[in-house]
Number of protein chains: 2
Amino acid sequence: MSDPTGFAPHDHRACVSSALAAAEAACAERGARLTPLRRRALEILLESHKALGAYDLLERLAAEGLGDKPPVAYRALNFLTEQGFVHRIERLNAYVACAHPEAGEGHGAAFLICRDCGRVAEALASEAPLAADARGAGFAVEDAVVEARGLCPQCQPGSRP
Amino acid sequence: MSDPTGFAPHDHRACVSSALAAAEAACAERGARLTPLRRRALEILLESHKALGAYDLLERLAAEGLGDKPPVAYRALNFLTEQGFVHRIERLNAYVACAHPEAGEGHGAAFLICRDCGRVAEALASEAPLAADARGAGFAVEDAVVEARGLCPQCQPGSRP
DNA sequence: GTGAGGCCGTTATGTTATAACGCATTGCTA
DNA sequence: TAGCAATGCGTTATAACATAACGGCCTCAC
Ligand SMILES: [Zn+2]
Ligand SMILES: [Zn+2]
Ligand SMILES: [Zn+2]
Ligand SMILES: [Zn+2]
């Protein structure tokens with residue numbers, strides 16, 4: 001099982017730069033183009049371990065003169081999610097940078113979403129959840145979404161305010 | 001582990017009527033009011049094991065003269081989901097009738113969503129998924145969404161077209 | 001009967017997402 | 001080098017999903 005990165009204090013500088021490096025490398029290898037706009041969108045998402053709505057991202061991009069119409073944000077997000085650099089959080093209609101760039105493309109992930117501070121931790125799916133139920137039903141799982149809402153360690157009663 | 005109702009052939013008449021009866025009973029017990037509008041909304045959702053968008057439901061209601069403005073549908077859906085008679089499918093922005101009315105209010109559920117025919121099977125969450133990861137992170141899970149997309153038995157290559 | 005609360009009709013608006021057209025750049029190919 | 005296909009992005013418009021807020025009506029407790 002993996003460390004669900006996101007809540008525990010860590011060297012976030014390294015976290016960001018290794019994610020960017022991984023994205024560069026993956027693009028180079030796949031012949032995908034990490035354009036300035038896409039790269040900047042990824043950087044913005046990497047700034048925090050929080051999920052950002054498409055329009056929040058767009059606002060940030062617009063502030064930097066990088067485009068201010070919805071399709072600009074959605075196209076960047078589509079590219080980044082297709083490449084596996086960003087995940088969509090269905091419960092929030094929002095997008096979070098992948099916290100496990102070292103895991104492959106299309107890795108299964110599970111998310112822990114703090115309802116208080118909004119941070120999102122990403123755990124690599126230890127095993128396909130539902131596997132037993134799916135087998136029982138003869139259902140062929142193609143991809144699964146696992147999203148838990150709750151309180152992160154810092155936001156639980158008893159932790160320092 | 002429970003039978004993930006929804007794909008396997010079954011006595012759907014009984015399926016519908018037992019769900020309605022369970023809803024009636026639960027409302028009676030809790031002092032909640034299953035008004036004609038709410039009841040009809042639930043019936044419509046029960047007709048198929050598919051998820052319906054709020055506006056699809058609204059269209060159905062409107063056709064019967066039961067209201068044609070978005071809040072009508074959303075209020076009914078809110079009531080039904082609060083009572084546990086209906087679940088929201090986050091990935092689809094849609095709503096499906098609970099297939100396990102016998103399970104308690106607020107039971108944890110996992111969904112198998114067929115991308116071809118649109119049917120949704122509901123499995124009672126065998127065990128809190130993520131439990132291990134959440135413990136590892138010191139995260140207190142309040143509720144979890146588990147939604148798998150794939151192909152149901154009838155829609156898999158090899159089954160009768 | 002009166003007041004409180006629940007339910008619903010309605011208007012208006014907010015939020016999230018996509019379709020579709022056109023232009024510019026890139027990189028190939030004839 | 002000229003032509004051409006593919007990709008990225010600017011832009012307009014619209015679709016799809018969801019809620020805020022007000023007012024009327026009914027029911028039930030007091
Ligand atoms: Zn970090
Ligand atoms: Zn928190
Ligand atoms: Zn049924
Ligand atoms: Zn199917």
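Keep in mind the model is a prediction, meaning the values are calculated, not measured. A note on names: the letters A, B, ... follow the listed sequences, proteins ahead of strands, and every chain is numbered from 1.
Using bins of under 30°, 30° to 60° and over 60° for the plane-to-plane angle, the ring pair F139(A)/F7(B) lands in the parallel bin.
R88(A) has a carboxylate O that lies under 4.0 Å from a charged side-chain N of E90(A), or vice versa, which qualifies the two as a salt bridge. Ion pairing of E82(B) with R30(B) is absent here, as no side-chain N (NZ or NE/NH1/NH2) approaches a carboxylate O to less than 4.0 Å. With respect to the salt-bridge test (charged N to carboxylate O, under 4.0 angstrom), the residues D56(A) and K50(A) do not qualify.
The nearest whole Å value for the distance from the CG atom in D68(B) to the C1' atom in dA18(D) is 17 Å. Atom P of nucleotide dT16(C) and atom CG of L57(A) are separated by 12 Å, given to the nearest angstrom. Remark: C1' of dT16(C) and CG of L92(A) are 13 Å apart, rounded to the nearest angstrom. What separates CG of L52(A) from P of dA17(C) is a distance of 12 Å, to the nearest Å. Across the protein-nucleic acid pair, L58(A) atom CG and dT15(C) atom C1' stand 13 Å apart, rounded to whole Å. Rounded to an integer number of Å, the gap from CG of N78(A) to P of dG8(D) is 12 Å. The interatomic distance linking E82(B) (CD) with dC7(C) (C1') rounds to 13 Å, in whole Å. As a whole-Å value, the separation of L37(A) CG from dT7(D) C1' is 14 Å.
Stacking between Y55(A) and dT16(C) is present: the aromatic ring centre lies within less than 5.5 angstrom of the base six-membered ring centre, and the two planes differ by under 30 degrees.
Within 3.5 Å, no donor on the side chain of R75(B) pairs with an acceptor on the base of dG6(C), nor the reverse.
Of the side-chain N and O atoms in R88(B), one or more sit less than 4.0 angstrom from OP1 or OP2 of dA18(D). Close to dT11(D), at under 4.0 Å from its OP1 or OP2, lies a side-chain N or O of K69(A). Close to dG5(C), at under 4.0 Å from its OP1 or OP2, lies no side-chain N or O of R33(B). Between Y95(A) and dA17(C) there is a side-chain polar atom (N or O) within less than 4.0 angstrom of OP1 or OP2.
For P70(B), the side-chain atoms get nearest to dA18(D) when compared with the rest of dA17(C), dA20(D), dA18(D). With dT12(D), dA18(D), dC7(C) as the choices, the nucleotide that has an atom nearest any side-chain atom of A54(B) turns out to be dA18(D). Among the nucleotides dT18(C), dT10(C), dC7(C), the one closest to the side chain of Y74(A) is dT18(C).
Comparing G65(B) and N93(B) along DNA chain C, the residue whose closest nucleotide (by nearest heavy atom) sits nearer the 5' end is G65(B).
Looking at heavy-atom distances under 4.0 Å, R38(B) makes contact with sugar-phosphate atoms alone, never a base.
Aromatic ring centres of H87(A) and H107(A) lie closer together than 6.0 Å.
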